[in-house]
There are 2 protein chains.
Amino acid sequence: MNKKQLTKVLGGAEKLCRKRGARLTARRRTVLELLCASDKPLSAYEILDRMRATTRNPAPPTVYRALDFLLEQGLIHKLESLHAFVGCTHPEHPHSSQFLICGDCGEVSEMENEAILQSLQTAERATGFKTRHPVVELLGTCAQCAEKHQSG
Amino acid sequence: MNKKQLTKVLGGAEKLCRKRGARLTARRRTVLELLCASDKPLSAYEILDRMRATTRNPAPPTVYRALDFLLEQGLIHKLESLHAFVGCTHPEHPHSSQFLICGDCGEVSEMENEAILQSLQTAERATGFKTRHPVVELLGTCAQCAEKHQSG
DNA sequence: GGCATGACGGTTATGCCATAACATGATGTT
DNA sequence: AACATCATGTTATGGCATAACCGTCATGCC
Ligand SMILES: [Zn+2]
Ligand SMILES: [Zn+2]
Ligand SMILES: [Zn+2]
Ligand SMILES: [Zn+2]
């Protein structure tokens, strides 16, 4: 995410939280900034390291509490298969997305694919299962890296 | 999994490994048995605890090495969102499946849904992404538990 | 003002998940 | 026997996540 996008997302988050009566405090905002500014997912402890630049002696609970808040507000997502977190690219409305995770370059792209959601919902109806939180993470190789492998 | 099914799965695993020239050793077999005999997913450390009944002083690497082998052979699956493992219900052929994970009773059911696979593959083609391992885990409430909630 | 209430975050400690690194033992081949 | 290879034992360590307790600050009510 570039600086302009970052500003926009942070502004949006601010507005969203105000509307909901949720408090986007300094700590929480810092964590969101770090995640959005990063070009790859960050683990809680990576966030912790980066916080040392601006915060005196931060500890794991500080980070995890902020992450919990941001997850509740839908401003970030957790990648279960990586034990890491990413900023959401379109937090305006609640949604469930799918993630393409490249094992070569580490890039993660968030996707909101209607056909996939439909197929999941169809399966749920057939089994009577009620999904609260779908985890869809595709681990593999992105188009760029696949091309490199062929040419290189 | 009941005792009869367990015997069948273990026999199948034995045969499968022999065919592939892979060695289903005592340790590996024990871990597979424990997973298949359990009615819910087990973490590596839960497996470790149960191994103490039959093995002297087992350590984490013992379990993790067995798990790695069984994963490679497709005899078990890892549930990323639970940090736990389950025995595969149909290991005869390689496959990628989806999991319905009930947060109330802890039951996990493995599903191999063609429509979901298709929708994932369509999305891959559209993006040029090559998936090596899809993770699809639906966290929610199973039909049984949902019913209990309504009546109770 | 005085005081309860509740959200937020600092601090310390702990527990679970997973692997690195090295030593030993089992198995099969020549 | 000598050797290569794979599996396992053993010890130590690193990464992920939370429990429990306490101080602080804002808010609302008497
Ligand atoms: Zn999102
Ligand atoms: Zn890539
Ligand atoms: Zn399976
Ligand atoms: Zn259930």
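Only this structure's heavy atoms are used, side chains among them; waters, hydrogens and symmetry mates stay out. Naming: A, B, ... by sequence-line order, numbering from 1 per chain.
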Looking at A/Ala66, is its backbone amide N or carbonyl O close enough to the side chain of A/Arg27 to form a donor-acceptor pair, meaning the two atoms are under 3.5 Å apart? no
How far apart are the C-alpha atoms of A/Leu10 and A/Cys36, what are their side-chain angles, what is the distance that settles it, and do they pass the side-chain contact (heavy atoms from CB on, under 4.5 Å) test? CA-CA 9 Å; A/Leu10 286 173; A/Cys36 290; 5.6 Å; no
With a 4.0 Å limit, can you tell me whether A/Thr62 has a side-chain N or O closer than that to the phosphate oxygens OP1/OP2 of C/dG10? yes
Give the intermediate values and the outcome of salt bridge (Lys or Arg N to Asp or Glu O under 4.0 Å) for residues B/Glu46 and B/Arg50. CA-CA 6 Å; B/Glu46 285 171 335; B/Arg50 298 184 186 202; 5.8 Å; no
Separation of D/dC16 C1' from A/Ile47 CD1 (nearest whole Å): 12 Å
Audit row: B/Thr62, B/Met51, side-chain contact (heavy atoms from CB on, under 4.5 Å) steps and yes/no: CA-CA 10 Å; B/Thr62 303; B/Met51 277 182 76; 4.1 Å; yes
Quick check: does any side chain N or O of B/Ser119 sit under 3.5 Å from a backbone N or O of B/Ile116, one acting as donor and the other as acceptor? yes
Quickly work out the A/Leu67 CG to D/dG15 P distance and round it to whole Å. 18 Å
Quick one: do B/Lys78 and B/His133 satisfy side-chain contact (heavy atoms from CB on, under 4.5 Å)? Show the steps, please. CA-CA 11 Å; B/Lys78 177 171 190 178; B/His133 177 59; over 6 Å; no
Determine the interplanar angle of the B/His77 and B/His95 rings, folded into 0 to 90°, and report it as parallel if under 30°, tilted if 30 to 60°, perpendicular if over 60°. perpendicular
Show your reasoning for whether side-chain contact (heavy atoms from CB on, under 4.5 Å) applies to A/Leu67 and A/Ile47. CA-CA 10 Å; A/Leu67 289 171; A/Ile47 294 170; 3.9 Å; yes
Rounded to whole Å, the CG-P distance (B/Leu48 to C/dC16) equals 12 Å
So does B/Arg28 get a side-chain nitrogen or oxygen closer than 4.0 Å to the phosphate oxygens (OP1/OP2) of D/dT8? yes
Output the rounded distance in Å from CG (B/Leu70) to P (D/dA7). 12 Å
Using a cut-off of strictly less than 4.0 Å, decide whether A/Asn57 has a side-chain nitrogen or oxygen near OP1 or OP2 of C/dT11. yes
Residues within residues 9-21 of chain A bordering DNA chain D, heavy-atom distance below 4.0 Å: none
Walk along nucleotides 17-29 of chain C from 5' to 3' and tag each nucleotide B, S or - by protein heavy-atom contact under 4.0 Å, base first, then sugar-phosphate. BBBBB-----S--
Atom-pair distance (CG on A/Leu42; P on D/dA17), nearest Å: 13 Å
With under 30° as parallel and over 60° as perpendicular, where do the rings of A/His83 and B/His83 fit, or are they tilted in between? parallel
Between atom CG in B/Asp49 and atom C1' in C/dC16, what is the gap in whole Å? 11 Å
